[in-house]
Amino acid sequence: MSGRRFLLLFVVYVAAGGFVLSLPWVEQSLVAPWTRLNARGTAAIARVLGIDAEAHGADVFYGWGSLRIVVGCNGVEALLILTSAVLAFPAPWRQRALGVTAGTVAILGVNLVRLVNLVVVAKVAPTWLPVFHVYVWQVLIVLVAVSLFLTWGTYVARRGRIAGA
Amino acid sequence: MRHDTRPLRAVLAGSILTFALAGRLAWSVDSSSPPDRSSFATATVVNPTTGEITAIPPNFTNTGAPDRSSFATATVVDPVTGQVTSTPSAYTNTGAPDRSSFAVATSVDAATGQLLSAPANYTGTGATDRFTFAAGTTVTASTGELTGPPTSYTDTGALNRFGAASSTTVTAGGQITAVPEDWQPSTIVPAMSTVVAAGLALLILAAGLWLLARRGVTLE
């Protein structure tokens, strides 16, 4: 086992996953419904927070404004990258499954928090929306994904379960 | 035993450079003037004689509506009957596949501004009660002000359309002069740009190589 194998597998998994996600059938049957579910979840949580929000398709309306959740904003891209790294890492398959499961829950959960936060920001301080949208949340998503991978990888390494080490 | 850390450093440097590029690209976008619908509206002029839209903002770059300008310039309204007589046949906005069908079947009373008819069988998904909204909307012919949007309009998918319509005014010359100042344009919220995603991939790759290097696994 060498680091080169990890590198190559990571690239292959990211490319293959990206290709599969771009297939029209997958996009329409899985990604788009997931995106709409994100919109409904976002609106439901926003209503709990006292914002008169409604989801309609992939749009979340709040008063006189709206957010459109497009395919790329459902957390799937970050999840693909994290999952590819976990699967390519030389760990027992049980540990990889644990990493993928925990990563999926964490990334999708954080992304839902992100969407709700953006609705709140758009509603109460719309001039700050670009800052939160472009800078704050992109950085946070990156930090969460890398932290998850480092935590999981350190856990696997401490248990001495890196294959080929 | 000392391992060669150059590949790890190279990947890490690539990640940092990619994030720097993403930051530069984000900074270069003028966030002070978002691609708002209100700017588009106020810069649009309609010929009151022919009903043809004669001017739209040339630099309109709303990514959420890439072909809205094409749609607008190819749309013609009969100034006598108020009926939309022509829309671009090749308009393929996937977000509103039958918007053109809806438009050509809609007529407006030129004297009172009231919408007289809308397609009864309009079944565009995502706009099930647009017909109700259209039929209940009135426009003051002399001032162009929308005076009567349906008060009971409850389309959850267009909460802000109602507000926007009731606060929009059009001069007799066809120019839109006022739109609601606090009307928020629809914002598209991707989780991350492609450049940031590439930076994340490189950073995670560097993290993996670092973890492996700690265990004595290198690229050799």
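Just so it is clear, the model here is predicted, and its values are computed rather than measured. Labels below follow one simple rule: chain letters A, B, ... track the order of the sequence lines, proteins then strands, and each chain is numbered from 1. Basis for what follows: all heavy atoms, side chains included, without hydrogens, waters or symmetry-related copies.
For A:T154, the parts lying near chain B are the backbone and the side chain together; criterion is any non-hydrogen pair under 4.5 Å. For A:L82, the parts lying under 4.5 angstrom from a heavy atom of chain B are both the backbone and the side chain. When heavy atoms are compared at a cutoff of 4.5 Å, A:F10 approaches chain B solely by way of its side chain, counted from C-beta outward.
For A:N117, the side chain to side chain donor-acceptor pair (under 3.5 Å) partners at least two apart in sequence or on another chain are A:W137.
Tested against B:I204 for a side-chain contact (heavy atoms from CB on, under 4.5 Å), the candidates A:V146, A:V14, A:V86 yield a single pass: A:V146.
The structure places CG of A:L80 at 10.0 Å from CG of B:L200, a figure rounded to the nearest 0.5 Å. Taken from CZ in A:R5 to CG in B:L212, the straight-line distance is 12.0 Å, to the nearest 0.5 Å. Considering CZ of A:F89 and CG of B:L211, their distance stands at 4.5 Å, rounded to 0.5 Å.
Residue pairs meeting the salt bridge (charged side-chain N to carboxylate O under 4.0 Å, His left out) criterion with at least one partner in residues 38-49 of chain A, sequence neighbours excluded, are A:R47-A:E54.
The minimum heavy-atom distance linking A:I81 with B:A201 is given by the pair CG2-CA, 3.7 Å.
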